[in-house]
Participant: 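Just dropping this structure here.
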There are 4 protein chains.
Amino acid sequence: MIDYQNILNQISQKVTKDKNKGKIASYIPELATVDLNSFGIHLQLVSGEQFAVGDAHKSFSIQSISKVLSLAYAMSIIGTDLWKRLDVEPSGNPFNHLSLLELEEGIPRNPFINSGAIVIADILVSNLENPKSDFLNYIRDITGDNTIDYNYKVAQSEKETGFNNYAAANLLKSFNNLNNDVEVVLDFYFHQCALQMSCTQLSKAFHLFANKGKCLANKARLTKSQAKRINAIMLTCGFYDEAGEFAFEVGLPGKSGVGGGIVALLPNEFVISVWSPGLNERGNSKLGMKALEQFTTLANQSIF
Amino acid sequence: MIDYQNILNQISQKVTKDKNKGKIASYIPELATVDLNSFGIHLQLVSGEQFAVGDAHKSFSIQSISKVLSLAYAMSIIGTDLWKRLDVEPSGNPFNHLSLLELEEGIPRNPFINSGAIVIADILVSNLENPKSDFLNYIRDITGDNTIDYNYKVAQSEKETGFNNYAAANLLKSFNNLNNDVEVVLDFYFHQCALQMSCTQLSKAFHLFANKGKCLANKARLTKSQAKRINAIMLTCGFYDEAGEFAFEVGLPGKSGVGGGIVALLPNEFVISVWSPGLNERGNSKLGMKALEQFTTLANQSIF
Amino acid sequence: MIDYQNILNQISQKVTKDKNKGKIASYIPELATVDLNSFGIHLQLVSGEQFAVGDAHKSFSIQSISKVLSLAYAMSIIGTDLWKRLDVEPSGNPFNHLSLLELEEGIPRNPFINSGAIVIADILVSNLENPKSDFLNYIRDITGDNTIDYNYKVAQSEKETGFNNYAAANLLKSFNNLNNDVEVVLDFYFHQCALQMSCTQLSKAFHLFANKGKCLANKARLTKSQAKRINAIMLTCGFYDEAGEFAFEVGLPGKSGVGGGIVALLPNEFVISVWSPGLNERGNSKLGMKALEQFTTLANQSIF
Amino acid sequence: MIDYQNILNQISQKVTKDKNKGKIASYIPELATVDLNSFGIHLQLVSGEQFAVGDAHKSFSIQSISKVLSLAYAMSIIGTDLWKRLDVEPSGNPFNHLSLLELEEGIPRNPFINSGAIVIADILVSNLENPKSDFLNYIRDITGDNTIDYNYKVAQSEKETGFNNYAAANLLKSFNNLNNDVEVVLDFYFHQCALQMSCTQLSKAFHLFANKGKCLANKARLTKSQAKRINAIMLTCGFYDEAGEFAFEVGLPGKSGVGGGIVALLPNEFVISVWSPGLNERGNSKLGMKALEQFTTLANQSIF
């Protein structure tokens, strides 16, 4: 038996010693107020046991981590039709994501780059009666936690400064790959990214990907095949241009967000969520990446 | 003495025989209603004489030709400060203009690609009390013709479908190279492009570039050096990705628009305006290009 | 117990019925002579058992599959120093691989695009006394099969027509990322790609990646961590621009070659090698891809 | 009458005071030995008069300036067929010239970027009996100066370090746009670039472009139309990514080389050659650019 609590404690002690904790994302003014010293891990085994250390119960802005959840929801609604509007290849170049969208005529590379997630948002807006509340209910439902909510200030903050996302949505629209109004889709998208969740809640939400599509309450939310596919996309596209590095160093499917959260999982075994708001120069949580490297080394577990 | 009237007549007869007159721009629904057989030329000598053939007095949507006039107006207001926000190099790639803007961090290649013209529009919005009417008055003033007006339907049509321009403006904004609201700048920009003018009026408006900065009424509107510079930019950047071809075949500074108009000029000698709404595959008036090639051959005049 | 032989038989029957078998690679004249109807699979379990169907013992040109073997050999010699000269990120764009190399100043995206494999070849040339025979001995050694050899005609054929590889090697050299002469490095590289192996031999060669770095004869050839890393790179970068698709559809680390071979593996479980020389439009074996999709579905095994 | 001698003297005095004289090109070791303080101007009027100042008679490596002369020679031999293999559009991006060649499938943007000049070299190699001596004779012939020669050390120096040109030539070959062997074409190309000429000799060589295709000895070497076209290409493509800037600041067709030379001309009026070996950050002679700006201002002459 692996002593997971001991491992989490070790990681927390070692990793938080690092004096260079990275930089808090400042492009969304509302995010810049977080305490740089926050650090938490939550581990949820598929077998049911849980382990935690540090600020595991403190909620933060999940940002791009939400893209996995919106993809799962969209997939459960329209199935494979979704792939007519976007691809599943890694994006490669980080420095010119609109360029790529332009060169590939409005077909986003994958659902985890912004333009891809905006297409997913468009699909949800088309298919849901009350997109924002329906999506929130979906998240509350799969985690079994009704306290989860949007941070409306963060959503508003993005709305006022998210010009790059407006550029992406309009470019999609110019290529006829956005069916709803730019404003309506982005309003949904900014709220989705502004979900406020703790490591504990994230581990519970991602349980369905580790458990063949079944959520914590053991209800099927995705087919086994859909869960497997989302895991594959997380592995190849989950970390901006650090996807290869993460697969290489950690060896688990996962997804990061500029709020400093990272969720990773080993199919049939566990979900692990880490939070440390300082980012490395590639936009992923600096200590979070280190913590996960430590974890797969100490627990000796990876998909490879 | 060159018999210009005879030359224009010859060109008109020869060029309009071509059965393949190109394709009318359809991306702006309002433009698609024009008669493909329209064809006119107007020649204005700096010495004062005028010559015309065909639909020279019929007005059409000048579209991108307006970018030279807005640049001139902005230059006359803020001078060389303008070049802090955009460059004067040819754009090279036509197929990925947003890519270029992204790679060069929000500094448009030149004032004649859309993103560059949007920056110029932003400058005018910042510096004019009533941007739309002030700009219209400027055009009426330099041509001495108060009948010139915007086509409000065309402006509205672009507003509803110009997603690519919204994408460019938002991308500029994300790089802090747009000081006013996207909506306000694009409202001005769409009106500017929707100016309705005839070949005759265009020749008069461009007189200041052929006449060392002095307009038809002999009033200095630009310094001699500014006029020279705008001519240089027209030569290197005036024809999308056909700039090299035009310099090569025609050998005059000029500017085209998707409405099918082209204006070209020989400094100190003349301005020539042509209109034929069918476009070649690079977006320039098909017969217009041919007419100008014929003109420089028959009149034996070019800057080279 | 899974009845693997039955599964292989089923796949072979089903897949070979497809009338559209893809196109044989013609850019290397010597490759174009292969029989389009060739089809074979070989499955090697880590536990020792083997299963085969069709042309599993017929040898073919392994081409890019060799890049995994040269990477493994280079890693076993110089370890992590290797990553100073190349990256481990997916390449994204297939259509402009030299562009990417140029933009990223001579640092190849990963060891499986041509420029990356040429850097690995350069490392081997620097570190081996007799590069070509030493590498061949390494391959013979890890497979325990001394009959494996280069196809010298194929190597010569590439040498005479591989202008794109000469371009890549010279571009690397211009960025000081090639220490030996272009001719010397490419001579090695073209031989490496011209290795002639059967599915059976490939399964044996890749055994070390499925078995924590230990080759078939149970000798450690890589550290456990190195084997894990190579698996991660295969998953994210093994299939040109179809890497995401393969991870998505098959869910195993693997590598393809334009000779029509594909090798894939499940760590601690098995290696599977497929050969069918007709390629899909992305340059991977058409029936080979289908066979592997079938296999993971029928055997119900994947890393996700 | 303009007092040209006085103007040249003024420019020389003013410009050479600049303490920051730019940087001598160091990528060709043999070029790095030149004296940074060298400075010369030569002005050749079409009417026959000549004016000079400073090191106007000292010879230097003309490098890319030779591309105009090889283009003229090729044009005089095969005429417009030449344009089947390359384009005449400005290249735009300086930082990724191979990228552009790759994206545009082996068709160089224009004859003045390296890949374009290599295609011209290939044409000459195909059409000349003794390419190197025939080209040298052509240059001696149009200038009426038999002392002009290649600098064989510079040619050898480029051969040993010109990996980027080898990359370009091989990329052209991979797109079937190079008919002769890479080595043979580049041997010619490196010699062509290694022509050693003085300002005086350059002014004489370029006389045919200012004089409707007739060389100094009044012999037709190009048609009037060909001369005009080469002037147009110099204006739009003559200064790497500073072409727009040069048209804008100087307003004359011209061509620069990394040896620090620049030649510019006003059709029917004059040719002016400047040499100062220190380069600005865009690879053009720093003081040379300044001198030409001064010249067109003081002489009040430009094509615009």
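Naming: A, B, ... by sequence-line order, numbering from 1 per chain.
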Participant: What residues, two or more places apart in sequence or in another chain, satisfy salt bridge (Lys or Arg N to Asp or Glu O under 4.0 Å) together with K286(A)?
Facilitator: D18(A)

Participant: I'd like to know whether NZ of K159(B) has more than 12 heavy-atom contacts from other residues, nucleotides or ligands below 6.0 angstrom.
Facilitator: yes

Participant: Sub-4.5 Å heavy-atom contacts with chain B: which residues of residues 186-194 of chain A show up?
Facilitator: none

Participant: Applying side-chain contact (heavy atoms from CB on, under 4.5 Å), can you list everything that pairs with N176(B), at least two apart in sequence or on another chain?
Facilitator: none

Participant: Any side-chain heavy-atom pair from N164(A) and N170(B) closer than 4.5 angstrom?
Facilitator: no

Participant: Name all residues meeting the salt bridge (Lys or Arg N to Asp or Glu O under 4.0 Å) criterion together with D134(B); count only those two or more places apart in sequence or in a different chain, and write none if there are none.
Facilitator: none

